[in-house]
Amino acid sequence: MCGIVGCIGNEKALNYLIGGLHRLEYRGYDSAGVVTIGKKGATLIRAKGKVAELEALTDKKPSLDTIGIGHTRWATHGEPSVINAHPHQAGDIYLVHNGIIENYKELKAELKNHKFVSQTDTEVLAALINSFYDAKTGLVDAVTQALQLVVGTYGIAVVSVRNPDEIVAARSGSPLIIGVGDNEIYVASDAAALIGYTTQAIYLNDGEIAVCSRDGVQLRDLSAQPISAKVETIDADMQAIQKQGYDHFLLKEICEQPRTLSSTLSGRVNVKENLVRLGGLNLSIEELSEIEHVTIIGCGTAYYAGLLGSYYLEQLVDDLTIDVVAASELRYRSFHLPKNTVALVISQSGETADTLACLREIKRRGVKTLGIINAVGSTIAREVDGGVYVHAGPEISVASTKAFTSQVSAITMFGIQLAQAKGMGKQDTTRFIKELAQLPNEIELVIKKQQSKIAKIAKKYAHYDHALYFGRDTLYPVALEGALKLKEISYIQAEGYAAGELKHGPIALVDDKFFEVALILDNWLFDKSLSTLCEVNARGGHVLVITNSKKAIEAEEIIRIDTSLDILAPVVINVVQQLFAYYVAVARGNDVDQPRNLAKSVTVE
Ligand code: AGP
């Protein structure tokens with residue numbers, strides 16, 4: 001949620017600030033703003049809407065200032081507007097914030113000397129820092145005192161006209177990185193903003209405060225004790241964060257899955273030796289063989305990837321019990337974890353607040369945690385006991401696609417390694433290994449053969465405002481994911497259902513306002529799936545069937561994927577759903593990469 005940037009050095013600050021905000025816009029696009037400090041004092045510029053609106057204003061006010069901070073917003077407190085846009089000001093203090101100050105009302109009541117102009121929790125923090133400001137002790141001391149009173153989450157960057165040679169940045173709960181360049185120090189919510197500027201970065205941990213000046217970076221904790229800074233090298237592939245000729249990042253990320261999935265599998269799946277080896281689990285074969293229960297945690301698409309993965313884990317490991325829980329629910333439930341449990345923590349961004357909170361609670365109980373993570377260096381990746389980077393590359397489009405495919409494959413690889421450690425399911429592990437190795441190519445073939453047909457069919461359904469997705473067994477989680485993808489980018493109200501559940505209520509929805517997406521596998525459940533389809537057809541359903549079967553099927557539209565896969569065919573069917581949702585959203589003229597009301601990484605509750 002929200003993207004923060006800042007820089008101090010010898011270069012014109014606006015270059016990095018505006019460029020960085022464009023890179024972080026997927027974190028929130030309700031409003032944007034910057035402030036730079038120079039000889040004439042502070043220059044504050046804010047705009048409602050996208051960074052492009054802000055840039056139109058900063059272009060009219062070129063500045064040579066070499067220090068500044070900036071923000072792109074996902075609104076939590078107060079509607080999207082210029083008055084609620086960051087940076088927020090109190091006296092000579094300017095602040096940008098990512099997170100939620102939970103006790104802002106109590107703090108606000110104490111700040112009698114400040115005239116509040118916005119509805120935000122952030123302005124309260126700016127006023128609090130200003131209330132502690134003393135020219136003798138300076139900005140960092142005022143920030144430290146203020147943060148000792150704050151309850152909530154924050155990633156912040158603060159500047160002051162009276163301290164024009166420093167930026168104070170701090171984090172607790174929300175991600176923040178300090179980029180160390182040549183005579184330039186950068187602040188950013190994530191590494192995407194730093195690409196092209198520096199490959200050297202300091203990942204701030206919770207409770208750390210950084211004082212950034214032209215001489216470098218000083219770290220301290222909340223009791224003002226100095227801390228040594230660990231500088232790491234970040235992976236900086238500029239191409240990965242560009243559209244490379246595609247109309248949208250979403251289409252690029254769907255179409256590059258054969259390559260990104262190959263990166264997920266590379267060096268881990270060995271068909272010849274019929275082996276899977278995941279290097280980063282930090283579990284011995286003995287420890288693996290003792291695992292009796294797996295709890296899978298995630299949010300949104302990551303949760304659905306966990307759900308599909310759990311079906312494959314079940315097939316691979318006989319003596320395992322598994323539960324899959326949405327993190328936003330688990331964190332407040334009084335849940336029990338059986339002995340010999342391992343928690344699989346699924347997250348693309350590695351920063352999702354609910355998932356992070358569950359991870360910390362499960363670690364507090366002494367249970368092993370394994371991450372299935374995409375974003376390298378992210379908070380969850382740093383805090384799990386072991387895990388797998390899925391190496392799908394930066395995912396810029398808010399709707400997650402390639403991460404889902406790589407997460408399901410990584411969970412499946414974990415299942416194979418677990419089965420092999422337990423000396424189980426030789427037959428199944430061999431089949432899964434073979435199909436995993438074929439999967440990138442099968443996805444490539446389906447995209448090549450079906451893309452234009454899917455685009456054509458999508459146009460036919462783009463005028464509907466309601467949709468019902470249904471599937472059985474492994475296609476149930478895929479139906480949930482398909483409905484989520486359509487919801488997110490087309491704004492069509494879509495429900496995903498277990499096909500067998502339709503007759504227990506949802507089939508009542510079938511009428512001309514709805515279309516249906518029936519997912520059907522050519523396996524032991526084919527006939528069952530067909531009966532559900534017949535029940536919907538019998539009530540005048542407008543059904544699009546997506547299937548790997550060549551058998552006769554009656555439906556308004558059918559997309560048949562010609563694949564040799566069997567167990568993993570649902571992963572390919574999901575790629576068809578991704579393309580379908582994309583083309584429906586394009587046909588409805590929506591902002592496909594930055595859908596309304598959403599953000600790429602949900603760092604608040
Ligand atoms: C998916 O398209 C959404 N962007 C959202 O549901 C996402 O999957 C969820 O917020 C979890 O994000 P994470 O994988 O980064 O933790």
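Note that the coordinates shown come from a computational prediction; the quantities given were computed from them, not determined experimentally. For ligands, and for the atoms within them, numbers begin at 1 and follow the listed sequence.
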Just jot down the salt bridge (charged side-chain N to carboxylate O under 4.0 Å, His left out) partners of [X], sequence neighbours excluded, or say none.
{"X": "Glu605", "result": "Arg331"}
{"X": "Asp465", "result": "Arg588"}
{"X": "Glu208", "result": "none"}

- Which distance, rounded to the nearest 0.5 Å, do you find between the CZ of Phe470 and the CD1 of Ile520? 7.0 Å
- Contact set, ligand 1, heavy-atom distance under 4.0 Å, ordered by chain/number, equals Cys299, Gly300, Thr301, Ala302, Ser347, Gln348, Ser349, Thr352, Val398, Ala399, Ser400, Lys485, Glu488, Val602
- Query: Do you see a donor-acceptor pair shorter than 3.5 Å between the side chains of Gln257 and Thr401?
  - Reply: no
- Query: Under a 4.0 Å N-O cut-off, is there an ion pair linking Lys50 with Asp591?
  - Reply: yes
